[in-house]
Amino acid sequence: MLLEIRNLTKSFHGQQVLKGIDLSVSAGDAAVILGPSGAGKTTLLRCMNFLETADGGEITFDGKTRPIHEMSKREIREYRMHTAFVFQSFNLFLNKNALANVTEGLTVVRKTDAKTAKRLGMEALDRVGLADHADKYPHQLSGGQQQRVAIARALATNPEIIFFDEPTSALDPELTGEVLSVMRSLANDGMTMLIVTHEIEFARTVSNRIVFMEDGEIVETGETKRVFTHPQKERTAAFLKINTEPKEEET
Amino acid sequence: MDRLWELFLDSFPKILLPGLTMTIPLTAISFSLAMVIAVVAAMIVYVRVPVLTQLIRGYVWIFRGTPLLVQLFVVFYGLPKVGVLIAPFPAAVIVFSLNEGAYCAETVRAALEAVPVGQFEAGYCVGMSFLQTMRRIVLPQAMRTAFPPLSNSLISMVKDTSLAANITVTEMFMATQRIVARTYEPLLLYLEVGLIYLIFSTVLTLIQRRGEKKLSAYTALAKK
Ligand SMILES: Nc1ncnc2c1ncn2[C@@H]1O[C@H](COP(=O)(O)OP(=O)(O)O)[C@@H](O)[C@H]1O
Ligand SMILES: [Mg+2]
């Protein structure tokens, strides 16, 4: 078990958005969280990387279990040294070029020397196919390229797990493929990933585990093939059915 | 006509010199201090540090809401009444930097607010602290946004330093007044000092343009 959360709760303005989530991720997992909009998927990922402060729950990481809201700033930063996050809106550092985006976490946080950082940064950019674009600023890159730089930034620090929050939702349809194929190659390399996405086909073919969420709860979780072929809950079945049917409104 | 031309040529260096030795240093020192005040004040208000935020709001309120000339008089002619004697030049520096700091604090704060919150979150997620993210990511972007209005403030300040003549700082305007008193050619001499201010502002405007061009390396940014 690499990372486990137990009974995670979170409310916004008195409305409970996460109603006691239990979730565990093993090393090498490519787990996909599916669920309708508003289910609490983003909030869950954000709580798991402390971008939101959960109201309650426990987190186990590196064999240590801690009440989630008792984690000190230092403990959170220490934890984040081992995780990475890829945002729906990329959030590349707008004042830094692609390479600097990727090396920032190395030079500033991990005190890697400039030469090593550059080498690692170029390796990471190369892994997402953007070594040629190292000097470009975010606004000089397409959305798909920006997201790939964001993935390179996540990779550069050699995290134990990467969280993805709908990494392709902000992209034009023709640009999603390049991002998904980078993610697919990471999964093949055994990178541990927890991915929120609406790309059902990607989920079906790349993930080894599906977590289906609705209304702040995990409705069903299980091995990908099993969930797709024999969903145990009606809600899961209905969701998969709607989302795998050819979309009529797009004609 | 010849006499006027001669007076012009003769007085030009006499006005320009205090411009170089007084007006420019006064502006440079005051504006640098104002920037420090502005950035610190803006960050405190931005993160809403309790008590300090209220103090800064009060400071900005007072310094933006009263005339610069009054502020100069209070510090230079008023404070000695309570035993605080400050020489003309430092008095001017204090007033100009506090006054400009109040205006620029608002400019910088607004620019900070305009940086998308995702920039902070991305910084945190690569392991950076608040201060690291502020210094390396957010503040540089905010200063890019704030650069044009701050440049305008600087240009205004060059001109406003003429008010320091009122507290006996022998800057350009004071120097001009003295020559007028001697020669009684107010029209020529005041136009002349105006021309020199114009030259100073123009040079700054040109520098501003070049600066903006340089900084535009990562512009188009505020959109995302
Ligand atoms: N910062 C916030 N403030 C208030 N409500 C929020 C906030 N973030 C999310 N919510 C609410 O929490 C619920 C779950 O949101 P979210 O986690 O974004 O769902 P999902 O990612 O599954 O679409 C929604 O009802 C949303 O309106
Ligand atoms: Mg979401």
Side-chain angles (χ1 to χ4, degrees), chain A residues 42 45-46 48-52 73-74 76-98 100-112 135-141 143 146 149-150 152-159 162-165 170, chain B residues 35 39 42-44 46-50 107-151 210-224:
Chain A
T42 296
L45 278 200
R46 289 171 59 84
M48 288 178 78
N49 214 26
F50 298 89
L51 292 173
E52 301 284 356
K73 273 190 182 150
R74 242 192 67 222
I76 291 172
R77 281 189 69 193
E78 168 64 24
Y79 169 81
R80 284 188 182 135
M81 303 267 274
H82 302 279
T83 67
F85 202 103
V86 174
F87 299 86
Q88 182 172 349
S89 51
F90 330 136
N91 292 349
L92 289 185
F93 302 131
L94 300 171
N95 57 328
K96 309 236 168 239
N97 68 22
N101 261 278
V102 176
T103 55
E104 190 76 2
L106 294 167
T107 52
V108 178
V109 183
R110 288 151 188 91
K111 310 294 176 205
T112 314
D135 297 335
K136 295 209 175 135
Y137 283 88
H139 77 277
Q140 297 170 309
L141 298 166
Q146 288 190 54
V149 172
R153 176 172 69 183
L155 288 171
T157 53
N158 197 24
I162 307 181
F163 302 103
F164 292 81
D165 186 18
Chain B
M35 279 300 98
V39 169
M43 293 217 292
I44 288 170
Y46 179 78
V47 297
R48 301 194 178 81
V49 181
T107 307
V108 175
R109 187 197 53 76
L112 281 174
E113 308 271 2
V115 177
V117 63
Q119 296 291 303
F120 264 116
E121 295 185 344
Y124 295 157
C125 285
V126 301
M128 286 200 269
S129 65
F130 171 82
L131 279 179
Q132 285 172 329
T133 314
M134 182 54 116
R135 189 167 54 80
R136 302 192 48 93
I137 310 296
V138 176
L139 196 56
Q141 292 181 36
M143 292 316 270
R144 168 67 191 88
T145 313
F147 186 77
L150 290 180
S151 307
R210 291 189 64 179
E212 275 179 41
K213 233 190 198 148
K214 241 184 153 177
L215 286 169
S216 71
Y218 57 89
T219 124
L221 52 75
K223 276 190 288 175
K224 263 276 138 63

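By convention in this document, chain letters (A, B, ...) are assigned in the order of the sequence lines, proteins followed by strands, and residues within each chain are numbered from 1. For clarity, every value in this text was computed on a predicted model and none was experimentally measured.
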- [ ] Would you mind reporting whether A:V108 and B:R136 have side-chain heavy atoms less than 4.5 Å apart?
- [x] yes
TODO: Check B:G123 against A:F93 and note the closest heavy-atom contact, atom names and distance.
DONE: N-CE2, 3.6 Å
TODO: Go through A:N97, A:V86, A:L92 and name the one with the most non-hydrogen pairs under 4.5 angstrom from chain B.
DONE: A:L92
- [ ] With a 4.5 angstrom heavy-atom cut-off, could you sort out which part of A:F87 is near chain B: side chain, backbone, both or neither?
- [x] side chain
Open item on the list: Less than 4.5 Å to any heavy atom of chain A: does that hold for the side chain of B:S129, its backbone, both, or neither?
Closed with: both
- [ ] May I ask you to name which of A:N101, A:N91, A:T157 has the most heavy-atom pairs under 4.5 Å with chain B?
- [x] A:N91
Open item on the list: Just so I understand: if I count every heavy-atom pair under 4.5 Å between each of A:E104, A:M81, A:H82 and chain B, which residue has the most?
Closed with: A:E104
TODO: List the atom of B:V126, the atom of A:V109, and the distance in Å for their closest heavy-atom pair.
DONE: O-CG2, 3.6 Å
Task: Per-residue contact mode, B:E121 against chain A (heavy atom under 4.5 angstrom) - done: both
Task: Contact origin within A:I76 toward chain B - heavy atom pairs under 4.5 Å - done: neither
- [ ] For the pair A:R77 (side chain) and B:G127 (backbone), establish whether a donor and an acceptor sit closer than 3.5 Å, ignoring hydrogens and angles.
- [x] yes
Task: Exam field: side chain B:Q119 to backbone A:L94, donor-acceptor pair closer than 3.5 Å - done: yes
